[in-house]
Amino acid sequence: MKRSIMEAFSFTGMASPTGRNEPRRHGASSHPLSPSVASTSSTSAVASCSSASGPPLDRAASSSTARDSSRHLALSQFNDIFKCTICFGHLEDPHLCPQCSKLYCYECITEWLDSGSSQCCPNCKTSLRHEQLVKVRWFEDVQKLQQDLRTLGEGVSDNDDSATDSELCPLHRKVVNFYCSTCKTCVCEVCATEIVAGSHQNHSFKTLHVTYEQHAELLENELERVEHHRDRLSLLHHKIGRNIELIGTVKSVKQKELEAIMASALRSLDRQEEEKLSKLCVHQCTLMRQIEDIDMKLQAMRFEMSLCSKPQLIRMKSEIVDTCNAIRSHPIKDFKQIRVPASLKIEIPDFFETGVFVVQNFSTFDDNKVIYSNEFSDCQGRTWRIMAWCVISEDHFGIYLELVSGRPCWMECTFQLIHLNPEKTISKTIRQYFDRTPQKGWGLRDFVTLKTILDEDYVRVNDSLELLYNIRPCKPVESQQPLEDDESLSDSN
């Protein structure tokens with residue numbers, strides 16, 4: 001349903017045009033079309049537009065009441081001229097007759113011509129077909145002019161009671177409705193039209209609502225720039241917060257490593273103590289048996305001597321002496337021979353080199369995309385780097401460890417794909433022999449599928465992946481012995 005012209009351009013105190021609320025009636029028999037209604041020519045319409053669109057400053061000498069009456073009259077002429085003579089409503093998608101230039105709503109004139117009762121213009125009665133209708137392309141400009149007049153009429157109204165002090169001119173107590181571009185201040189119509197004693201003579205003016213829209217747009221752009229600046233600060237704050245969390249994660253991993261090292265060192269101390277005490281206990285047991293045997297022999301000899309008479313004791317002398325000599329003939333080991341050093345070593349395994357490799361801009365990766373981490377050193381001075389590799393065609397995301405410099409060695413490598421939910425963190429460990437010649441088995445080609453990364457939300461809000469790595473030297477794996485030893489490889493390099 002089309003809005004009427006009064007619904008689109010409504011002014012206080014204006015009389016409604018006759019028939020504006022009547023329903024549309026199509027067909028020659030029911031339409032009250034008369035020559036008086038359709039007698040206005042396009043020439044008068046242009047003339048009326050010109051008179052209504054003249055600048056308000058040209059009527060500066062007239063009184064406020066006269067100015068309001070002129071505006072109301074001009075707007076009323078607009079309402080009468082630019083209306084459809086079929087529905088008597090506001091024109092929508094206006095088209096004109098090429099003969100008489102009369103304006104009609106496209107819907108109205110289409111229904112008129114399709115009704116079958118007449119195939120001619122309602123005004124000039126000339127034969128008319130759909131394809132002969134001319135679209136009025138300048139009508140939007142006329143609508144804009146009507147809106148400007150409406151705004152101007154509202155701005156210069158004497159309804160000062162509803163305006164705040166900031167909206168009133170301090171000199172004339174009128175609503176400010178102009179902007180002086182020369183003075184860069186808002187003024188009322190009296191300030192702008194005072195010719196003799198006015199302080200704004202020969203100044204440039206704009207209507208207040210136009211200036212307001214320009215300033216509002218400028219300020220909105222400035223606020224958007226501030227919001228963009230704030231968003232950058234927020235992103236930086238988020239990155240710092242995530243960096244703090246990652247440091248906490250690495251600390252937790254290193255704390256567990258220290259606990260494991262402490263437990264291993266304590267087990268080593270227990271093992272060394274047990275080995276040394278077992279040796280000493282063997283010597284202790286041997287000596288205790290010898291002591292017990294001597295005690296028994298001494299006790300037996302003393303008991304026999306206590307029971308013998310003097311003659312018998314003299315006769316037993318040689319036997320007792322031989323027994324004592326036999327006991328003393330067993331050599332006693334020097335303590336230096338059986339002594340075990342009272343020293344224990346704290347055996348600490350090689351520390352892991354731990355860090356986080358952040359893979360940036362993950363969504364932009366192409367097939368066979370390779371990205372490297374920063375180089376880092378292990379506890380023995382070797383230099384390493386991590387490599388991430390996307391194989392989109394095979395749905396693989398691989399992680400590799402590469403020896404940059406240093407002697408080849410066996411390494412234990414643990415990689416973790418960090419998730420906000422610790423239970424979803426993916427962790428895999430390999431033990432490989434590494435030299436500076438890339439081989440098939442020097443990493444995890446199928447560490448995780450790309451589908452899993454995307455479906456399980458491993459990608460951060462900043463489009464990154466976080467990979468935690470732990471590497472340290474380890475003992476060779478018997479089933480994977482290298483073809484050449486470390487020395488030969490070192491010499492060849």
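Predicted, not measured: the structure shown is a model, and the values here were computed from it.
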Discussion item. Listing request: all ring pair (Phe, Tyr, Trp, His ring centres under 6.0 Å) pairs with a residue in residues 357-383, at least two apart in sequence or in separate chains.
Written reply: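 Residue pairs with at least one partner in residues 357-383: F362-F365, F376-Y469.
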
Between [atom1] on residue [X] and [atom2] on residue [Y], distance to nearest 0.5 Å:
X	Y	atom1	atom2	result
N374	I386	CG	CD1	11.0 Å
C105	I86	SG	CD1	8.0 Å
Y400	R385	OH	CZ	14.0 Å

Partners meeting side-chain contact (heavy atoms from CB on, under 4.5 Å) with [X] (sequence neighbours left out):
X	answer
H238	V461
C124	C97, Q99, C100, C121, T126
T110	Y106, D114, H130
E257	K254, I261, F351, F352, T354

Which heavy atom in [X] sits nearest to a heavy atom in [Y], and how many Å separate them?
X	Y	value
L450	C390	CD2-SG, 3.8 Å
L128	L113	O-CD2, 3.7 Å
S127	Q132	O-OE1, 3.7 Å
Y433	P408	OH-CB, 3.4 Å
L208	V176	CD2-O, 3.1 Å
L401	F434	O-CE2, 3.3 Å

Please check: side-chain N/O of [X] versus main-chain N/O of [Y], any donor-acceptor pairing under 3.5 Å?
X	Y	result
H95	D93	yes
S204	T182	no
D378	G381	yes
D395	K451	yes
W112	C120	yes

Response to the item:
For residues 461-475, the salt bridge (charged side-chain N to carboxylate O under 4.0 Å, His left out) pairs (sequence neighbours left out) are R242-E466, E412-R472, R460-E466

Discussion item. R382 vs C409, test: side chain to side chain contact (heavy atoms under 4.5 Å, CB included). Steps then yes/no.
Written reply: CA-CA 10 Å; R382 299 179 181 88; C409 64; 3.3 Å; yes

So do the side chains of [X] and [Y] get within less than 4.5 Å of each other, counting heavy atoms only?
X	Y	answer
E224	H228	no
C191	C180	no
V356	V358	yes
F397	T449	no
F415	L468	no
E107	E92	no
N368	V391	yes
L417	I453	yes

Worksheet item: Strictly under 6.0 Å, is that where the ring centroids of H215 and Y179 end up?
Response: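 Yes; Y179 has its ring centre under 6.0 Å from that of H215.
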
Worksheet item: Are the aromatic ring centres of Y458 and H419 under 6.0 angstrom apart?
Response: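 Judged by ring-centre distance (under 6.0 Å), Y458 and H419 do meet the cut-off.
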
Item to complete: Quick one: do N177 and V187 satisfy side chain to side chain contact (heavy atoms under 4.5 Å, CB included)? Show the steps, please.
Response: CA-CA 6 Å; N177 45 26; V187 297; over 6 Å; no

Taking NZ, NE, NH1 and NH2 as the nitrogens, is one of them in [X] or [Y] under 4.0 Å from a carboxylate oxygen of the other?
X	Y	result
E213	K206	no
K424	D457	no
E222	R225	yes

Discussion item. Hydrogens and angles aside, do T414 and T429 bring a side-chain donor and acceptor to less than 3.5 Å of each other?
Written reply: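 Yes, T429 and T414 have a side-chain donor paired with an acceptor closer than 3.5 Å.
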
Worksheet item: Does a donor on one side chain sit under 3.5 Å from an acceptor on the other, for S252 and T249?
Response: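 Short answer, no.
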
Item to complete: Tell me, yes or no, whether the heavy-atom count around E423 atom CD, taken from other residues, nucleotides or ligands under 6.0 Å, exceeds 12.
Response: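 No, the 6.0 Å shell around CD holds no more than 12 heavy atoms from other groups.
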
Item to complete: May I ask you to check whether over 12 heavy atoms, not counting those of N221, lie within 6.0 Å of atom CG?
Response: yes

Practice prompt. Tell me, with the steps shown, if L96 and K102 meet side chain to side chain contact (heavy atoms under 4.5 Å, CB included).
Written response: CA-CA 5 Å; L96 57 80; K102 199 62 180 177; over 6 Å; no

Practice prompt. Assess whether side chain to side chain contact (heavy atoms under 4.5 Å, CB included) is satisfied between M411 and Q432, documenting all intermediate values.
Written response: CA-CA 6 Å; M411 295 295 289; Q432 296 290 341; over 6 Å; no

Item to complete: Go through the steps for R232 and E227 under the test salt bridge (charged side-chain N to carboxylate O under 4.0 Å, His left out), then give the verdict.
Response: CA-CA 9 Å; R232 291 179 60 190; E227 288 180 354; over 6 Å; no

